[in-house]
S.K.: 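Please read through the structure below; I'll follow up with questions.
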Amino acid sequence: MESGRPRRKQSRKGSMAEVPKDLQNQIKEFEDLFTVDCTKLKQIVDHFVHELEKGLSVEGGNIKLTLQPMNVTWVFSFPTGNEKGTYLALDMGGTNLRVCEIVLGEEKGGFDITQSKYRLPEELKTGTAEGLWGYLADCLQQFIEYHHENEECLSNLPLGFTFSYPATQEYIDHGVLQRWTKGFDIDGVEGRDVVAPFEEVLVKGGLPIKIAALVNDTTGTLIASAYTDPEIRIGCIFGTGVNAAYMEDAGSIPKIAHLKLPPDTPVAINCEYGAFDNEHVVLPRTPYDLIIDRDSPRPGQQTFEKMTAGLYLGEIFRLALIDIVDHKPGLIFEGQDVSKLRKPFSLDTSFLSAIEEDPYENLLETRELFETTLDIMTTQPELEMCRRLAELIGTRAARLSACGVAAICKKKNIESCHVGADGSVFNKYPHFKARGAQALREILDWADHEVDKVDILRAEDGSGVGAALIAALTLKRVKEGNLVGVRDHALMKSLT
Ligand code: BGC
């Protein structure tokens, strides 16, 4: 460590005295734009509670397929810890692709995991459906060849397929993609079942694998976290996208009343709350949020996600800087070539994390970052402003994120619980957890002396272990004769 390295501080407002008045005014403008106070947070939560209820209602269940939130996942219980067996899991996240083999139950609540990661090529995200399914199948094939070399008689390996996009599931082994999110834009997939065409490719390739469950990453997170922590009630992702899942009682889900399930049957619901407030009733959107939405592959969708998720935070920051450059000439970066900064999505969330993590009073690391990433030489006051802007964007994301969790707690009258959380923003963005916890404290009116009653904790591996557990839970109930929400009865029985 270098000598003279100062202690890390959470806020640098103290050094603002050296910032010229016009930049201070700019900072004030940003503060007004990005600060979400407690009153607003509470309004957002109340609106979100209403959205949760609407999504479960018959009317909510009937709205256009592409708009449906609150997806029934056909997961009807938490794991007991006694689940057993070997399962494959395929995780198609926003950035990487992961194949795992999970052996459950050597001891209660235990598991062994073998995994391989593959890059998800950028061009695949805007390519063809055949290209996507073919690539996923190739990765599975490579995994099997590598880890099961020379094993001749493999057959019917059950797969939990974590597909982290909004899907309407009539069955657990089925799912119609409502719309792509997180920048994906592959033709011919939206509005169709994703399981059948993928299965077809697996069969054609002669792979000994059968899809036992299509799983959302949040449901996987909920179930995996509950496997090791009985206080878990909610599973969340704060990453490239945002979303949560929780257990609802069947009796509180009017849109599945026709199934006549006992009212106290637990049903895991994938909220898809990244799409909340698509009607723009309550979220305090800035001009930068509007631009992000307008220029995205799916304008009008994922309003909440576009203000809080990792895919967008760097872009919000970039748009704010470009706004000053274009509309307040000479205020920042005078005489600098800003062409790199003009490139959409040229800054990702790690750029903001790095700024917020800069330990030096003189923001030396931030200065270097601007120089190396953007070829921009900065002045000290400019750095101070950038630092404050990053802090504001990161804080807004954390505070808004808390609203989703708080809404589920309010809807379910949960006073205290654990929340399992995963995702790059939760795991890597500085102060995200503390800022979110502070917002929850304000929203849920905890007294100063009270510890965090709703505690957001780092989750177990939802897309690996969670998907395997969901496959195991499904096969277990099929074996017991419960075929609710199962499409291919014969196939599923053959897997048990
Ligand atoms: C998707 C969700 C997913 C979330 C986190 C969102 O864009 O719509 O299905 O759970 O990202 O990965």
Side-chain angles (χ1 to χ4, degrees), residues 51-52 55 65-75 89-98 120 125 160-169 172 175-186 189-191 194-195 213-225 234-246 268-278 292-293 296-313 315 349 397 400-401 404-405 408 419-429 432 456 459 461-464 466-467 470:
E51 295 245 24
L52 292 167
L65 183 71
T66 52
L67 298 175
Q68 269 180 24
M70 306 302 279
N71 296 327
V72 173
T73 65
W74 309 105
V75 175
L90 171 65
D91 174 16
M92 184 189 148
T95 328
N96 284 319
L97 214 140
R98 193 163 59 114
L120 193 64
K125 297 184 186 170
F161 176 21
T162 304
F163 182 74
S164 307
Y165 307 87
T168 306
Q169 293 187 272
I172 192 152
V176 174
L177 175 64
Q178 296 174 354
R179 61 197 173 272
W180 284 117
T181 59
K182 299 184 274 205
F184 274 67
D185 192 8
I186 304 174
V189 188
E190 283 168 319
V194 297
V195 174
L214 186 76
V215 176
N216 186 263
D217 52 357
T218 54
T219 320
T221 300
L222 173 71
I223 296 300
S225 299
I234 300 171
C236 281
I237 301 289
F238 307 110
T240 310
V242 301
N243 190 14
Y246 74 102
I269 295 290
N270 162 16
C271 300
E272 286 299 337
Y273 66 37
F276 275 13
D277 203 27
N278 276 352
I292 288 198
D293 184 41
S296 73
R298 296 289 178 280
Q301 307 286 349
Q302 302 298 100
T303 300
F304 182 55
E305 177 160 285
K306 284 170 177 160
M307 299 172 78
T308 51
L311 183 57
Y312 305 102
L313 301 186
E315 182 65 359
T349 301
L400 289 179
S401 298
V405 174
I408 296 173
V419 176
D422 207 346
S424 50
V425 174
F426 183 78
N427 292 332
K428 294 196 200 135
Y429 198 94
F432 184 83
I456 308 184
D461 169 13
S463 313
I470 290 174

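Just follow the structure's listing: the first ligand is 1, and inside any ligand the first atom is 1. Just so we're clear, the structure is a prediction, and the values are computed from it rather than from any experiment.
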S.K.: Output all residues satisfying salt bridge (Lys or Arg N to Asp or Glu O under 4.0 Å) with Glu51, sequence neighbours left out; order by chain, then residue number.
M.R.: none

S.K.: Run the salt bridge (Lys or Arg N to Asp or Glu O under 4.0 Å) test against Asp277 and tell me which residues pass, sequence neighbours left out.
M.R.: none

S.K.: Hey, is Glu305 close enough to Arg298 for a salt bridge, meaning N to O under 4.0 Å?
M.R.: no

S.K.: Could you tell me the separation between the CD1 atom of Ile408 and the CD1 atom of Ile234, rounded to the nearest 0.5 Å?
M.R.: 4.5 Å

S.K.: Taking Lys182 for the side chain and Tyr165 for the main chain, is one N or O donor matched with an acceptor at less than 3.5 Å?
M.R.: no

S.K.: Please list, chain by chain and in numerical order, all residues satisfying side chain to side chain donor-acceptor pair (under 3.5 Å) with Tyr429, sequence neighbours excluded.
M.R.: Glu356

S.K.: Name the residues with a heavy atom less than 4.0 Å from ligand 1?
M.R.: Ser164, Tyr165, Pro166, Thr181, Lys182, Asn216, Asp217, Thr218, Ile237, Gly241, Val242, Asn243, Glu272, Gln302, Glu305

